[in-house]
There are 2 protein chains.
Amino acid sequence: MDGMSPANQVEPTADPEAVPPLPDAFAARLPLLLSRAGSDLAAFAEPRFAELGITPKDYVALAVLADDEPGSQLELAEACGRAPAMMVSVIDQLAHKGLVARERDPKDRRRSVVRLTPDGTQVLAAADREAERVSAAMLVALSPDEQTQLHDLMHRALRAVAPAPHDGD
Amino acid sequence: MDGMSPANQVEPTADPEAVPPLPDAFAARLPLLLSRAGSDLAAFAEPRFAELGITPKDYVALAVLADDEPGSQLELAEACGRAPAMMVSVIDQLAHKGLVARERDPKDRRRSVVRLTPDGTQVLAAADREAERVSAAMLVALSPDEQTQLHDLMHRALRAVAPAPHDGD
DNA sequence: TATTGTTATACTCTATAACTATA
DNA sequence: TATAGTTATAGAGTATAACAATA
């Protein structure tokens with residue numbers, strides 16, 4: 001839900017049989033499995049978030065604001081993994097909906113400090129619940145222990161993420 | 001590597017310290033972890049694939065052709081998770097590079113059957129090796145057993161993937 | 001002169017809907 | 001009339017580079 005890429009035309013409320021089976025090519029390749037998991041989550045979550053008035057992109061921004069307290073829009077953009085210019089319209093819209101507030105830093109009037117409003121905190125909580133439901137539906141084949149295991153493995157893997165060595169380096 | 005979304009401007013050969021740390025907001029949310037894993041994999045793999053003359057999208061198509069033997073372009077498109085119209089240019093370019101061959105089905109001349117050429121098989125093998133290296137670099141914090149575990153969990157989860165229940169349904 | 005945020009532009013990707021050729 | 005593939009068009013998303021304000 002980071003890249004929150006273009007949803008692969010899936011109808012989330014449609015009958016489950018409409019979901020095409022996982023091709024062998026994906027089953028055999030962990031990178032493809034992880035990639036598809038990301039797209040599917042985004043596709044399934046999108047309509048839920050829409051009911052809350054936010055996009056998957058907004059969800060990421062709200063979550064980062066809540067948990068990482070970025071000191072500027074640039075820090076926020078970097079944490080969200082996107083270009084600073086992208087953040088402008090995201091913040092604009094969230095501010096227009098009253099979910100965040102933008103204030104100039106008195107110490108350095110170039111910086112604008114963004115913070116969650118009480119409404120923003122509430123919407124984030126609701127979005128977290130929806131994300132949780134979508135995730136639970138995707139992981140329904142796994143036991144609770146296995147879901148925890150998966151979360152732990154992913155957490156440890158991404159904490160240490162680094163570009164793969166290229167040829168001789 | 002399915003959605004293979006727009007690479008989040010990462011310089012894969014740059015020094016590892018350049019990779020921003022994982023925000024707490026991601027660490028706490030499995031859906032965000034999975035989403036970011038997908039984007040990161042695509043971003044890191046892209047330049048490697050480029051050296052082989054293919055895109056991440058091409059990689060998916062080649063893998064599906066090898067493992068799932070789709071009987072038509074429509075089946076190929078569905079397995080790749082994209083619109084049929086998208087497949088046309090992908091196949092065009094792969095065919096132009098000699099990696100696949102497109103032949104009309106004599107039984108039903110509307111269908112075009114796509115198959116890997118020997119060159120295509122070789123490029124797929126090389127791409128698989130690169131994907132493996134990128135994946136291994138991302139999972140460097142996990143033991144071999146844990147990496148196998150992760151693959152198994154993801155496989156079982158996605159095999160059963162279904163849209164999340166919506167409110168009352 | 002460097003940096004933060006903003007604006008403007010161009011480009012890529014994708015979906016959608018006509019169109020053709022076969023059936 | 002329906003289906004496989006193709007083409008064309010329009011829209012969304014993004015990156016890039018200029019720009020303004022502040023340091």
Side-chain angles (χ1 to χ4, degrees), chain A residues 1-11 35 38-39 42-43 46-47 49-50 54-61 70-96 100-115, chain B residues 1-11 35 38-39 42-43 46-47 50 55-61 70-96 100-115:
Chain A
M1 261 176 260
D2 165 24
M4 267 303 180
S5 23
N8 338 351
Q9 67 289 13
V10 186
E11 289 202 352
S35 246
S39 325
E46 202 175 71
F49 287 164
I54 65 173
T55 67
K57 217 170 3 189
D58 295 337
Y59 175 56
V60 175
S72 71
Q73 250 175 254
L74 279 184
E75 284 178 40
L76 174 60
E78 186 181 32
C80 291
R82 19 190 110 258
M86 293 282 75
M87 267 300 132
V88 179
S89 67
V90 172
I91 300 294
D92 279 351
Q93 290 171 353
L94 290 176
H96 184 257
V100 305
R102 191 158 28 186
E103 293 156 7
R104 285 288 165 186
D105 181 345
K107 318 262 190 197
D108 181 345
R109 298 182 34 72
R110 288 174 307 181
R111 304 169 88 87
S112 89
V113 183
V114 186
R115 61 171 180 74
Chain B
M1 252 169 271
D2 165 23
M4 268 301 183
S5 25
N8 339 350
Q9 68 286 18
V10 186
E11 289 201 353
S35 246
S39 324
E46 203 176 68
T55 66
K57 216 170 1 189
D58 294 337
Y59 174 55
V60 175
S72 71
Q73 251 175 253
L74 279 184
E75 286 178 39
L76 174 59
E78 187 181 30
C80 292
R82 14 191 112 261
M86 294 281 75
M87 267 301 131
V88 179
S89 67
V90 172
I91 300 296
D92 279 350
Q93 290 170 353
L94 289 176
H96 183 258
V100 306
R102 191 160 25 190
E103 291 156 8
R104 285 286 166 190
D105 181 346
K107 317 264 187 192
D108 180 346
R109 299 182 33 72
R110 289 174 306 179
R111 305 168 87 87
S112 88
V113 183
V114 185
R115 59 170 181 75

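Note on naming: letters A, B, ... go to the chains in the order of the sequence lines (proteins, then strands), and numbering restarts at 1 for each one.
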- Message: From C-beta outward on A:Q73, which listed nucleotide comes closest to its side chain: D:dG5, C:dT16, C:dT6?
- Response: C:dT6
- Message: Using whole Å, what does the distance between atom C1' of nucleotide C:dA2 and atom CZ of A:R111 come to?
- Response: 13 Å
- Can you check side chain to side chain donor-acceptor pair (under 3.5 Å) on B:T55 and B:D58, steps first, answer last? CA-CA 5 Å; B:T55 66; B:D58 294 337; 3.2 Å; yes
- Against the side chain of A:R109, the closest entry in D:dA23, C:dG5, C:dT14 is D:dA23
- Query: Expressed in angstrom and rounded to an integer, what is the separation of B:D105 atom CG from D:dA4 atom P?
  - Reply: 12 Å
- Query: Under 3.5 Å, is there an N or O donor on one side and an acceptor on the other linking the side chain of B:R110 and the base of D:dT3?
  - Reply: yes
- Taking only the side-chain heavy atoms of A:R102 (C-beta and beyond), determine which of D:dT16, C:dT4, C:dT6 contains the nearest atom. C:dT6
- To the nearest angstrom, the CD1-P distance between B:I91 and D:dA4 comes to 16 Å
- Message: Measuring from the side chain of B:M86 (C-beta onward, heavy atoms only), which nucleotide among D:dG5, D:dA17, C:dA15 has the closest atom?
- Response: C:dA15
- Query: Over how many whole Å does the gap from A:L74 atom CG to D:dT22 atom P extend?
  - Reply: 16 Å
- Task: Please tell me which of A:D92 and A:D108 maps to the more 5' nucleotide of DNA chain C, matching each residue to the nucleotide holding its nearest heavy atom.
- Result: A:D108
- Task: Nearest whole angstrom, please: distance from the P of C:dT3 to the CE of A:M87.
- Result: 21 Å
- Closest to side chain of A:R82, choosing from C:dT16, C:dG5, D:dT14: D:dT14
- B:R109, CZ: over 12 other non-hydrogen atoms inside 6.0 angstrom: no
- Message: From CG of B:D58 over to C1' of C:dT12, roughly how many Å is that when rounded to an integer?
- Response: 15 Å
- Return the minimal non-hydrogen interatomic distance between A:V113 and A:G71, and the atom names on each side. CG2-O, 3.8 Å
- Whole-Å distance separating the CD atom of A:E78 from the P atom of C:dT4: 11 Å
- Query: Which nucleotide sits closest to the side chain of A:V88: C:dT16, D:dA4, C:dT7?
  - Reply: C:dT7
- Please report the closest heavy-atom contact between A:S112 and A:Q73, naming both atoms and the distance. OG-OE1, 2.8 Å
- Message: Taking B:R110's backbone N and O only, do any of them form a donor-acceptor pair with B:R104's side chain (distance below 3.5 Å, no angle check)?
- Response: yes
- Task: To the nearest Å, give me how far apart CD (B:E103) and P (C:dT22) are.
- Result: 17 Å
- Query: Has A:K57 got a side-chain N or O lying under 4.0 Å from the OP1 or OP2 atom of D:dT14?
  - Reply: yes
